Visitor: 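One structure coming up, written as structure tokens, with questions to follow.
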Amino acid sequence: MQDTHQNGAYGLGLAAAIITICGTLFSGPLAFLAVSAIQPQPEWGGPQVYVDNFHPIQSITFYFGFLLVCGSVLMIAYIYYTSQDFRTLLALIFTSIACGLISFNYFTEATFVPALVRNYTPAQDAILTTFAVTNPYSLFWVIEMWGYGFLGLGTLFAAGFFTTRGLEGVTRVLFLANGVVSLAGALYTSIRLEWVLSVAGLVSYGLWNILYLALAVLFLLVVRRRQAMAG
């Protein structure tokens, strides 16, 4: 029975890593390229400009974003199940909060905003201004950046699950780095919200995707190595 539970845990960890890798890759760089090639949105010029340049392909990133956040929760769930300590419990709690916040954002952008666009009237301008992702002062960015800030807290508390040597040591550093970077982004956003769509903000977004993709890949390798060592 113990072997069955252990194998199930490894299966959870491997599945979580694969889901996170797919979610990070397809919600970030690949979705950006697809949208840019088919129908990109210009800089924010008001609700009418947003509606005139809207295309369903712009929602694709949010569907894959669900994979990213769900995979992240599953990764931390594997870590907590395996270690059963207070720090990893906190990691699971913070990551679950992040999943709730970010999922609200993605539900809104994938379903609510397209419905507003399809049935647009000037009376909806205030709502579109509040939720349009191209508006640097949108509520979307407040929730998004704080959501990823909580995700950063999750990886900070989970970092101690890994040893300090070799592959696990590098993975530990990436978990810590994601925590620092994500929290710094959330805190800076609370001071200067509009930075998220500046050149610095967009570059930071790209670098974060690379960091998180590397984190998920190394997590996958660590789980596979532990599984092999366990026989």
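In this text, all values refer to a predicted model and were calculated from it rather than measured experimentally.
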Visitor: Apply the ring-ring contact (aromatic ring centres under 6.0 Å, His included) test between Phe112 and each candidate in Phe107, Phe104, Phe131; give the one that qualifies.
Guide: Phe131

Visitor: Yes or no on side chain to side chain donor-acceptor pair (under 3.5 Å) for Trp195 and Thr189, after CA distance, side-chain angles and deciding distance?
Guide: CA-CA 7 Å; Trp195 91 281; Thr189 300; 3.0 Å; yes

Visitor: Heavy atoms only: give me the nearest Gln124-Leu116 pair and the separation to one decimal.
Guide: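 Heavy-atom minimum between the residues: OE1-O, 3.3 Å.
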
Visitor: What's the shortest heavy-atom distance between Phe62 and Ala110, and which atoms?
Guide: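 That closest heavy-atom pairing would be CB-CB, 4.3 Å.
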
Visitor: Is a side-chain N or O of Ser182 found less than 3.5 angstrom from the main chain of Gly149, in a donor-acceptor match?
Guide: no

Visitor: Run Cys99 and Phe150 through side-chain contact (heavy atoms from CB on, under 4.5 Å) and show every step you take.
Guide: CA-CA 9 Å; Cys99 182; Phe150 277 103; over 6 Å; no

Visitor: Taking side chain as C-beta onward, heavy atoms only, is Phe161 less than 4.5 Å from Arg172?
Guide: no

Visitor: Compare every heavy atom of Leu12 with every heavy atom of Ala77, then report the nearest pair and how far apart it is.
Guide: C-CD2, 4.4 Å

Visitor: Between Asn53 and Gln39, what is the shortest heavy-atom contact and its length?
Guide: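 The answer is O-CG, 3.4 Å.
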
Visitor: Would Ile191 and Leu187 satisfy side-chain contact (heavy atoms from CB on, under 4.5 Å), going step by step from the backbone distance to the final call?
Guide: CA-CA 7 Å; Ile191 299 171; Leu187 291 173; 5.9 Å; no

Visitor: Nearest 0.5 angstrom please: Cys22 SG to Leu68 CG, how far?
Guide: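 Taking SG in Cys22 and CG in Leu68, the distance rounds to 10.5 Å.
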
Visitor: Distance-only check: which donor-acceptor pairs under 3.5 Å involve side-chain atoms of residues 212-219, not counting sequence neighbours?
Guide:
{"residue": "Tyr212", "atom": "OH", "partner": "Ser72", "partner atom": "OG", "Å": "2.6"}

Visitor: Should we say atom CZ of Arg225 is surrounded by more than 12 heavy atoms from elsewhere, each under 6.0 Å from it?
Guide: no

Visitor: How far apart are the C-alpha atoms of Val69 and Ser103, what are their side-chain angles, what is the distance that settles it, and do they pass the side-chain contact (heavy atoms from CB on, under 4.5 Å) test?
Guide: CA-CA 8 Å; Val69 293; Ser103 291; 3.9 Å; yes

Visitor: CZ of Phe66: more than 12 outside heavy atoms within 6.0 angstrom?
Guide: yes

Visitor: How long is the straight-line distance from CG of Leu151 back to CG of Leu183, given to the nearest 0.5 Å?
Guide: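 It comes to 9.5 Å.
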
Visitor: Would you kindly confirm whether Val181 and Val173 end up in one hydrophobic cluster when ILVMFWY residues are joined by side chain heavy atoms under 4.5 Å apart?
Guide: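 Not linked; separate clusters.
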
Visitor: Output all residues satisfying side chain to side chain donor-acceptor pair (under 3.5 Å) with Gln58, sequence neighbours left out; order by chain, then residue number.
Guide: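 Expected list: Gln41.
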
Visitor: Donor-acceptor pair, distance only, cut-off 3.5 Å: does the side chain of Thr61 make one with the backbone of Ser27?
Guide: yes

Visitor: State the CG-CD1 distance between Leu153 and Ile97, to the nearest 0.5 angstrom.
Guide: 8.5 Å

Visitor: I would like to know whether Tyr63 and Glu109 meet side chain to side chain donor-acceptor pair (under 3.5 Å); could you show each step before the answer?
Guide: CA-CA 9 Å; Tyr63 288 101; Glu109 297 299 325; over 6 Å; no

Visitor: Between Val222 and Phe162, is there a side-chain heavy-atom distance shorter than 4.5 Å?
Guide: yes

Visitor: Measuring from atom CG of Leu139 to atom OG1 of Thr108, what distance do you get when rounded to the nearest 0.5 angstrom?
Guide: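 Going from the CG atom of Leu139 to the OG1 atom of Thr108 covers 8.5 Å.
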
Visitor: Does one hydrophobic cluster hold both Phe86 and Phe175, with members joined at side-chain heavy-atom distances below 4.5 Å?
Guide: yes

Visitor: Using modelled atom types and a 3.5 Å cut-off, is there a donor and acceptor pairing between side-chain atoms of Asn135 and backbone atoms of Thr129?
Guide: yes

Visitor: What distance separates Asn105 CG from Phe140 CZ, expressed to the nearest 0.5 Å?
Guide: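 Between atom CG of Asn105 and atom CZ of Phe140 there are 5.0 Å.
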
Visitor: Should Ile79 and Leu14 be counted in the same cluster of Ile, Leu, Val, Met, Phe, Trp and Tyr side chains packed under 4.5 Å apart?
Guide: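 Per the 4.5 Å side-chain linkage, Ile79 and Leu14 are co-clustered.
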
Visitor: Hey, mind stepping through Glu43 and Thr134 against side-chain contact (heavy atoms from CB on, under 4.5 Å) and telling me if it holds?
Guide: CA-CA 7 Å; Glu43 289 186 11; Thr134 54; over 6 Å; no

Visitor: For Gln84, does the CD atom sit with more than 12 other heavy atoms under 6.0 Å from it, leaving out its own atoms?
Guide: yes

Visitor: Going only through I, L, V, M, F, W and Y residues with side-chain contacts under 4.5 Å, is there a path from Val35 to Trp141?
Guide: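 Both belong to a single hydrophobic cluster.
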
Visitor: Membership question, hydrophobic clusters at under 4.5 Å side-chain separation (ILVMFWY): are Tyr50 and Ile127 in the same one?
Guide: yes

Visitor: Locate the shortest heavy-atom distance separating Ala16 from Met75; write the atom from each residue and the value.
Guide: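 Shortest heavy-atom separation between Ala16 and Met75 comes out as CB-N, 3.4 Å.
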
Visitor: Any heavy-atom pair between the side chains of Leu74 and Ile19 that's under 4.5 Å?
Guide: yes

Visitor: Which residues pass the side chain to side chain donor-acceptor pair (under 3.5 Å) test with Tyr80, not counting sequence neighbours?
Guide: none

Visitor: Does the side chain to side chain donor-acceptor pair (under 3.5 Å) test come out yes or no for Ser83 and Thr88, once each step is laid out?
Guide: CA-CA 7 Å; Ser83 60; Thr88 57; 2.9 Å; yes

Visitor: Where do Leu220 and Ala17 come nearest, in terms of heavy atoms and distance?
Guide: CB-CB, 3.6 Å

Visitor: What distance separates Asn178 CG from Tyr148 OH, expressed to the nearest 0.5 Å?
Guide: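 Answer for the CG-OH pair, Asn178 versus Tyr148, is 10.0 Å.
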
